[in-house]
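Inspection log for the structure reproduced underneath, given as C-alpha cells.
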Amino acid sequence: MDKAQVASMLEEIASLLALKADSNVFEQRAYENAARALNSLDGDLTQLVEQKKLKGTPGLGATLIKRVEEAVQEGHIAILNELRANTPAVKLEMMRIPGVGPKKINAMYDELHPKSIADLEQACKDDKVAKIPGFGKKTQEKILQGIAFLQQHADRFRFDVAFTEAERIRAALATLPEIVRLEVAGSLRRRRETVKDIDMVVSVSDGAGQDEREKIMTFFTSQPGILSITGKGLTKSSVVLASGIAMDLRVVSDSQFPSTLHHFTGSREHHIPLRRRAQNMGMTINDYGLFKISDGSEELIPCHEESDIYAALNLEYIAPELREDTGEIEAAAQHKLPKLVEQSDMRGILHAHSTYSDGQRTIREMVDACIERGYSYLGLSDHSKAAAYAGGLSEDDVRRQWEEIDRLNAELKGRFRILKGIECDILKDGTLDFENDLLAGFDFVIVSIHSNFNLTPEEQTRRMLRAIANPYTSIIAHPTGRLLLGRAGYTLDMEAVVDAAAREGVCIEINAHPSRLDLDWRLVRKGREKGLKVPIGPDAHTTEGLDDVFYGIGIARKGWLSAEDVPNTLEADELLRFFQEQRERRLKQSSVAH
DNA sequence: GCCGTTTTCGGCCCGACTGTTTTCAGTCG
C-alpha cells in the first residue's frame, strides 16, 4: 500500500463524509488535507509508518495517523468500508452533476430513492423533483441541464485543448478598446495538465459605465464557436464552447483587477493558508481587495498588481504555476522561491524524430524549423529496432543516419548542431535494444518503454531500474507512459525510479507532448529536491511538434524548476560535455562495481 | 478532524450567486 493508494482512500472518505446526513465540512476537509499531506510526503510510506515518523506532519493528527497506519498494516480502513456500505453508489454519481451538492442529493435520495442518474432524470421529467421541499421548477430544470451536460461533455479537458480555445477568445477580446487588462485565470493559468473550465478576467477603466460592460459581454457571447450561453450579466457571463468546455468571463473595474484575477486564479488550496496569514496579520482578503482591519472597520490596501498583494503579506511574488499549497507560501516568506525556467532559457531541442523512423519530416526540415525557432541544436532521437511499429532503426540505419548528420553538421558549422541521439527501447527484462558498443557512438541515449505495459509493479520497476543502471543511459523518456484522460501509466514505483535516477545522475525528461506531460509535475518537484536533472523534450514527430516545448515549460515551472535544472538550457558544447561527463562517471562506477 | 506567540475549546477563507424563500440554505470557485 503506497502513499497514493492511501491518499485516494482518504479522499474517498472525504467524499463519503460529505454525503452523510450530519456531515461536518471541517472533518471532511481534514481528510482532504491529510490526503494531500500524504502525497507530498517523502519516502516509503510503509517505512515511515514502521518507524513512527508520521507524527508532526502538518495535517496529520492522532486520528488520521491511526487511519494511515491501519491502511498500511491491514490493507483497509474500517470506517471507509463502513461508509461505503452505508452510502448508495448513486449518491456518489450524483456528485458529478453541476449545481448539485450533498444536501440536495440527500434530499432527493430520501424522497425519490433513484437507483441511477437515469432514474433521477425521469423523476425530473415527471415533475417530482420540483415538489420536494426547498426545491422548485428552476432547480429541477437546472438538474436536467446538469445531467445533459454530463452526458454530452467530458468533465475535464487537456490543457492544450482549453488553452487553444481560451487563446482564440482572448485574442478577440483584446481588440476591444474598452478593455484595460485581460488575463486567463483558473487552473489554465496555473498550468494544470488538465482543466475543467476556462476562467477569464478583464477590466474596464474605473469610470466606465454599464454600456462598456454590456458591449464587452455582448461581444463575448456572440463569438463564433459558442454552443450555448448559460448566463449573461454585467459582471459575469458564461458560455459553453464548441469543444464542450464551459467558460466564464468576468468584468471588473481596473482597480479591482489584481484581486479578482488573484481570486479566480486560485487554487482554493493556496488561498486558504494565504487568507489565514492575512488574518494573522490583521488583514482580510476577498475578490475585491486586500483590507486592513482596525477597530472593526476595513481599510483598502491599494494593490496595482498581483505582486502587491503578496508584498503586503510579506511574501515574494508567487507565480501562478506554484499556487497549489505545496509549500510555496513558506518558501515565499523565506524568500526561497526558485527563479523559474522560461522559454527564453531554452537553447535546443532534445527528443525529436525524423523520417528515419516515424517522424514526418527529414532531418534537414527539422533542423530548419529549429533554426527558425531560435534554437541552436537538435538532439535527434529516432526509435530503435524493437519499435518496429514506429519504423525503428536497425544498426545499419543508425550508421547511415550518423553519416547524414556528420554531413549536415559540416555544412551547418558555426550556425547549428545536430546531436546524435536515439530513443532506445527498454526491453521486457530491462536490457536495452542496442548493444553497448553501438550505444557508445551516440552523443546521448534516451531510453523508454513501448511494450509489455502489463507487468506487475515489481517487475516494471525492476525493468526500469535495470535500464537506469546501464551506464549509457542518459535520459528516461515518458517514464510512466500515461496518456492524459486516455490511459493510465504503467504501474511502477515512480518514486523509486526518481530516486534511482537522481542518485545515478540519469535525467528524466518532461515529455512535453500535451497528451503526456510525463514526468508528472508533482514528481518533478520531488526529483528536483534530490538533484534530478530534467530536460524538456517535445517528442516532436513534425516541425509543429517542436512547439510543444511550451507545454513542457509549464510543467517544469509547476515542478519548481530553474534553468539550471534543465539540461537543454545549456549551449550545445556545454550539453555535450554534460552528457560526456555523465557517461564517463557512470562507466567508471560500473567498472568499479564489477 | 486539526490546531494553538492570549486558546486544549472553539474556531476553521470568503463572498457571490441562485433559488426558494420572506431571512436563508446550498453550491461554487
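Lettering follows sequence order; numbering is per chain, from 1. Worth saying up front: this structure is predicted, and the values here are computed from it rather than measured. All values below come from the heavy atoms of this structure, side chains included, with hydrogens, waters and symmetry mates left out.
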Heavy-atom neighbours of Lys91(A) NZ exceed 12 at 6.0 Å: yes

Quantified in whole Å, what is the C1' atom distance between nucleotide dG26(B) and nucleotide dT21(B)? 13 Å

Spacing of Asn286(A) atom CG relative to dA16(B) atom P, expressed in whole Å: 7 Å

Those residues that, when tested against Arg525(A), pass side chain to side chain contact (heavy atoms under 4.5 Å, CB included) (two or more places apart): Thr326(A), Glu529(A), Trp560(A)

Just by protein heavy atoms under 4.0 Å, how would nucleotides 2-10 of chain B read 5' to 3' in B, S and -? SS-------

Suppose the criterion is ring pair (Phe, Tyr, Trp, His ring centres under 6.0 Å): which pairs have a residue in residues 96-132 of chain A, not counting sequence neighbours? Tyr109(A)-His113(A)

Need one value for Leu274(A): base, sugar-phosphate or nothing, where a base atom within 4.0 Å counts as base even if backbone is also close, heavy atoms only. nothing

Donor-acceptor pairs are to be reported for all side-chain atoms of residues 263-276 of chain A against protein atoms at under 3.5 Å, with residues two or more places apart or in another chain.
unit_1    : atom_1 : unit_2    : atom_2 : d
His263(A) : ND1    : Arg275(A) : NH2    : 3.1
Thr265(A) : OG1    : Arg189(A) : NH1    : 2.8
Thr265(A) : OG1    : Leu261(A) : O      : 2.6
Ser267(A) : OG     : Glu269(A) : N      : 3.3
Ser267(A) : OG     : Glu269(A) : OE1    : 3.4
Ser267(A) : OG     : His270(A) : N      : 3.1
Ser267(A) : OG     : Arg323(A) : O      : 3.0
His270(A) : ND1    : Glu328(A) : OE2    : 2.7
His270(A) : NE2    : Tyr310(A) : OH     : 2.9
His271(A) : NE2    : His262(A) : O      : 3.2

Using OP1 and OP2 only, check whether a side-chain N or O of Arg29(A) sits under 4.0 Å from dC13(B). yes

Does atom CD of Gln210(A) have more than 12 heavy-atom neighbours from other groups under 6.0 Å away? no

If a pair satisfies side chain to side chain donor-acceptor pair (under 3.5 Å) and one of its residues is in residues 169-180 of chain A, list it, with sequence neighbours excluded. Glu167(A)-Arg170(A), Glu178(A)-Lys215(A)

Per the under-4.0 Å heavy-atom filter, residues of residues 182-195 of chain A near DNA chain B come out as none

Hey, could you give me each pair passing ring pair (Phe, Tyr, Trp, His ring centres under 6.0 Å) that has a residue in residues 163-186 of chain A? Not counting sequence neighbours. Phe159(A)-Phe163(A), Phe163(A)-Phe550(A)

Contact pattern, 5' to 3', of nucleotides 20-29 of chain B - B, S or - by protein heavy atom under 4.0 Å: SS----SSSB

Gap in Å between the two P atoms, one belonging to dC28(B) and one to dT23(B), rounded: 26 Å

Residues 222-232 of chain A, side-chain donor-acceptor partners within the protein, below 3.5 Å, at least two apart:
unit_1    : atom_1 : unit_2    : atom_2 : d
Ser222(A) : OG     : Thr218(A) : O      : 2.7
Ser222(A) : OG     : Phe219(A) : O      : 3.1
Gln223(A) : NE2    : Phe219(A) : O      : 3.1
Thr230(A) : OG1    : Ser238(A) : O      : 3.2
Lys232(A) : NZ     : Thr218(A) : OG1    : 3.1

What interatomic distance, in whole Å, is found between C1' of dT27(B) and the corresponding atom of dC9(B)? 30 Å

If the P atom of dT5(B) is compared with that of dA16(B), how far apart are they to the nearest Å? 31 Å

So which nucleotide does dC28(B) pair with, by the Watson-Crick or G-U wobble rule with both distances under 3.5 Å? dG15(B)

Partners of Lys530(A) by side chain to side chain contact (heavy atoms under 4.5 Å, CB included), sequence neighbours excluded? Asp42(A), Asp499(A), Ala502(A)

Distance criterion of 3.5 Å, no angle test: do you see the side chain of Asn24(A) paired donor-to-acceptor with the base of dG1(B)? yes

Write down the distance separating the C1' atoms in dG4(B) and dG15(B), rounded off to the nearest Å. 27 Å

Would you mind classifying the nucleic acid contact of Arg277(A) as base, sugar-phosphate or nothing, using non-hydrogen atoms under 4.0 angstrom? nothing

With a 3.5 Å cut-off and sequence neighbours excluded, list the donor-acceptor pairs that the side chains of residues 12-21 of chain A form with protein atoms.
unit_1   : atom_1 : unit_2   : atom_2 : d
Glu12(A) : OE1    : Arg84(A) : NH2    : 2.8
Glu12(A) : OE2    : Arg84(A) : NE     : 2.8
Ser15(A) : OG     : Glu11(A) : O      : 3.1

When you compare dG11(B) with dT6(B), how far apart are their C1' atoms, in angstrom units rounded to a whole number? 14 Å

Identify whether any heavy atom of Gln279(A) sits under 4.0 Å from a base atom; if not, whether one sits that close to sugar-phosphate; answer base, sugar-phosphate or nothing. sugar-phosphate

For Arg277(A), what residues pass the side-chain hydrogen bond (donor to acceptor under 3.5 Å, both in side chains) criterion, not counting sequence neighbours? none

Would you classify Ser267(A) as touching base, sugar-phosphate or nothing, given that sugar-phosphate means primed atoms plus P, OP1 and OP2, and contacts are heavy atoms under 4.0 Å? nothing

